[in-house]
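Single-structure report; data block below.
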Amino acid sequence: MTPPGLPTAMERPHFIGIGGAGMSGIAKILAQRGAKVAGSDARDSETARALRAHGATVHIGHAAAHLAADSTCVVVSSAIRSDNPELARAAELGIPVVHRSDALAGLMDGLRPIAVAGTHGKTTTTSMLAVSLSALGLDPSYAIGGDLDAPGSNAHHGEGDIFVAEADESDRSFHKYTPQVAIILNAELDHHANYASMEDIYESFETFVAKVVPGGTLVVAHGQAGAAEIAARVAGNEGLRVVTYGEEEAADVRITKITPRGLTSEVTVVIDGRMLTFTVSVPGRHYAHNAVAALAAGVALGIPAHNLASALGKYTGVKRRLQLKGEAAGVQVIDSYAHHPTEMSADLEAIRGAAGDSRILVVFQPHLFSRTQELGKEMGQALALADAALVLDIYPAREDPIPGITSEIIIASARAAGADVTAEHEKDAVADVIAGMAKPGDLVLTMGAGDVTDLGPQILARLSS
């Protein structure tokens with residue numbers, strides 16, 4: 001018998017790229033709902049091992065033989081190339097191919113979804129909601145683009161009626177969701193392979209907002225230009241309630257004070273005429289705003305503001321979002337997923353506020369040739385907020401090189417902004433270089449969306465020796 005909430009097509013799904021942040025979460029939820037989950041990934045990982053612990057079959061490498069003939073569907077993301085052998089085998093066998101976003105949309109059916117969108121801050125805000133709603137005993141389901149703590153903690157099938165999902169605008173896949181509450185944290189030009197202009201992005205977000213169920217709520221940043229533009233465009237949507245948040249006097253949920261306290265912040269807001277003060281256990285104004293967006297969304301679902309504000313203090317961070325990796329020889333090593341200039345600046349400003357007189361040393365790995373082509377100069381300007389930086393070669397991810405587009409664009413811009421920046425083409429040399437630079441009291445930040453995260457433990461080991 002098909003378990004409740006498990007569509008027939010999802011009884012025996014095969015995921016191509018099952019170890020990815022978004023794919024692994026959906027696979028985990030399906031496994032928890034009783035599906036016979038299988039899939040493949042380019043390499044073994046802690047995420048793959050966590051999925052196996054939930055009963056999933058995970059193959060390493062991509063091969064036609066990995067796809068079982070009795071699979072009910074093949075789940076793919078936009079990152080999967082058309083020449084993937086498992087995709088070709090699915091066509092031969094006549095097995096339906098389902099995009100990741102459609103699979104996630106199916107998991108939300110019958111529940112009260114909160115969909116978190118925006119150019120930056122989605123993972124953090126989704127995580128804040130997942131942790132705080134869980135702390136209140138509401139047992140939400142959730143799918144997040146990063147692990148909360150342990151591998152595989154990016155998703156959960158809950159017994160409650162709320163589903164919190166990170167809504168990815170990069171490939172327009174967030175158009176598939178019909179949330180009861182939508183959050184738009186910000187909107188900026190990014191994902192240049194899919195969006196040619198800000199007008200493209202605005203239209204895409206308008207389509208997302210139009211999918212909010214009648215009587216639903218849009219929670220939107222008041223003071224961010226892109227988000228405010230979208231709010232203005234959808235203000236006349238029938239059946240849509242718009243709630244703004246921010247530090248501006250006109251915001252519906254107004255932030256009146258953000259007080260830094262080391263690696264935490266104390267935030268005071270006025271919501272529904274009542275003043276609330278609560279703690280956010282990550283530093284910086286950017287993260288305080290994320291917490292207030294989460295607060296406004298929860299209240300829109302009927303959760304008492306004072307209960308949710310208290311529960312938000314239970315959130316202590318998510319992997320790769322200013323995550324403290326450790327300390328050695330008096331040097332703290334912190335990992336940041338920031339790869340867009342706005343994110344980079346926000347994280348560096350947050351760390352600067354917590355660091356006091358300590359030096360901040362950054363190891364930055366640019367992510368994608370297309371992003372570097374469009375935003376490389378701004379990335380360099382952001383690095384000027386650090387005391388010194390190493391810049392690695394571009395992490396290509398799914399892209400082929402673009403002639404003339406290298407890390408040198410970022411380095412030249414950083415130096416023009418007065419930054420102390422060095423190119424480093426050998427990842428294996430980074431730990432030695434940083435160990436030679438760092439002094440007791442310094443903070444080292446590994447930054448970027450690629451495999452730069454692997455360098456934190458190496459730097460700590462080298463400092464220890």
Side-chain angles (χ1 to χ4, degrees), residues 7-31 35-52 54-107 143 145-146 151-152 154-155 166-176 191-195 339 367-371 394-402 449-451 453-454:
T8 302
M10 291 289 161
E11 288 180 336
R12 295 184 304 283
H14 179 93
F15 287 75
I16 304 176
I18 196 169
M23 297 280 272
S24 62
I26 298 167
K28 178 184 176 182
I29 293 172
L30 283 168
K36 184 181 177 183
V37 174
S40 63
D41 207 33
R43 61 176 183 168
D44 209 354
S45 63
E46 292 182 341
T47 300
R49 290 188 279 277
L51 285 170
R52 290 188 187 106
H54 285 284
T57 299
V58 180
H59 302 282
I60 303 307
H62 297 297
H66 293 333
L67 177 61
D70 66 347
S71 298
T72 49
C73 70
V74 169
V75 184
V76 299
S77 72
S78 299
I80 302 304
R81 294 187 181 235
S82 58
D83 60 355
N84 183 281
E86 292 162 37
L87 202 53
R89 181 62 174 156
E92 289 174 11
L93 295 172
I95 298 172
V97 176
V98 177
H99 191 272
R100 176 187 63 82
S101 56
D102 290 303
L104 180 56
L107 294 178
N154 59 329
E166 184 169 331
D168 182 14
E169 81 285 356
S170 68
D171 57 0
R172 294 179 170 81
S173 61
F174 67 160
H175 296 168
K176 305 290 180 63
H191 310 298
H192 303 88
N194 293 316
Y195 294 105
H339 51 282
H367 186 260
L368 299 181
F369 295 100
S370 61
R371 184 177 285 123
I394 296 169
Y395 184 81
R398 58 191 175 272
E399 289 188 343
D400 295 321
I402 298 174
D451 57 7
T453 183
D454 299 337

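This chain uses plain numbering: 1 for the first residue, then up along the sequence. Side chains included, hydrogens not; waters and symmetry mates left out as well; all remaining heavy atoms used.
Pairing each heavy atom of A103 with each of V75, the nearest pair is CB-CG1, 4.3 Å. The two atoms that bring N154 and S24 nearest to each other are ND2-OG, 3.0 Å, heavy atoms only. A pairwise comparison of heavy atoms in D400 and F369 identifies O-CD1, 3.5 Å as the closest pair. Nearest heavy-atom pair across D44 and R52 is OD1-NH1, 3.2 Å. Residues A397 and H367 come closest through the heavy atom pair CB-NE2, 3.8 Å. Closest approach of H339 to A449, counting heavy atoms only: ND1-CB, 3.5 Å.
Remark: Y195 engages no residue in a ring pair (Phe, Tyr, Trp, His ring centres under 6.0 Å) (not counting sequence neighbours).
Annotation: side chain of L51 is in contact with side chain of K28 (closest heavy-atom distance under 4.5 Å). Taking the side chain as every heavy atom from C-beta outward, K176 and L104 never approach each other to under 4.5 Å.
Rounding to the nearest 0.5 Å places CD1 of I80 at 6.0 Å from CD1 of I16. Atom NE2 of H14 sits about 6.5 Å away from atom NE2 of H59, to the nearest 0.5 Å. Taken to the nearest 0.5 Å, the OG1 atom of T47 stands 10.5 Å off from the CD1 atom of I18. Distance check, rounded to the nearest 0.5 Å: CZ of R12 to NZ of K36 gives 7.5 Å. Taken from NE2 in H62 to CG in D41, the straight-line distance is 6.0 Å, to the nearest 0.5 Å. For the atom pair CD1 of I60 and NE2 of H66, the computed distance is 8.0 Å after rounding to the nearest 0.5 Å.
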- prompt: Hey, mind stepping through L67 and L87 against side-chain contact (heavy atoms from CB on, under 4.5 Å) and telling me if it holds?
  reply: CA-CA 9 Å; L67 177 61; L87 202 53; over 6 Å; no

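Salt-bridge annotation for R89 and E86: absent, with no side-chain N of the basic residue lying under 4.0 Å from a carboxylate O of the acidic one.
No donor-acceptor contact under 3.5 angstrom links the side chains of S101 and D168, judged on distance only. Looking at S78 and H99, their side chains do bring a donor and an acceptor atom within 3.5 Å of each other.
Among V98, T72, I29, the one residue that satisfies the side-chain contact (heavy atoms from CB on, under 4.5 Å) test with M10 is V98.
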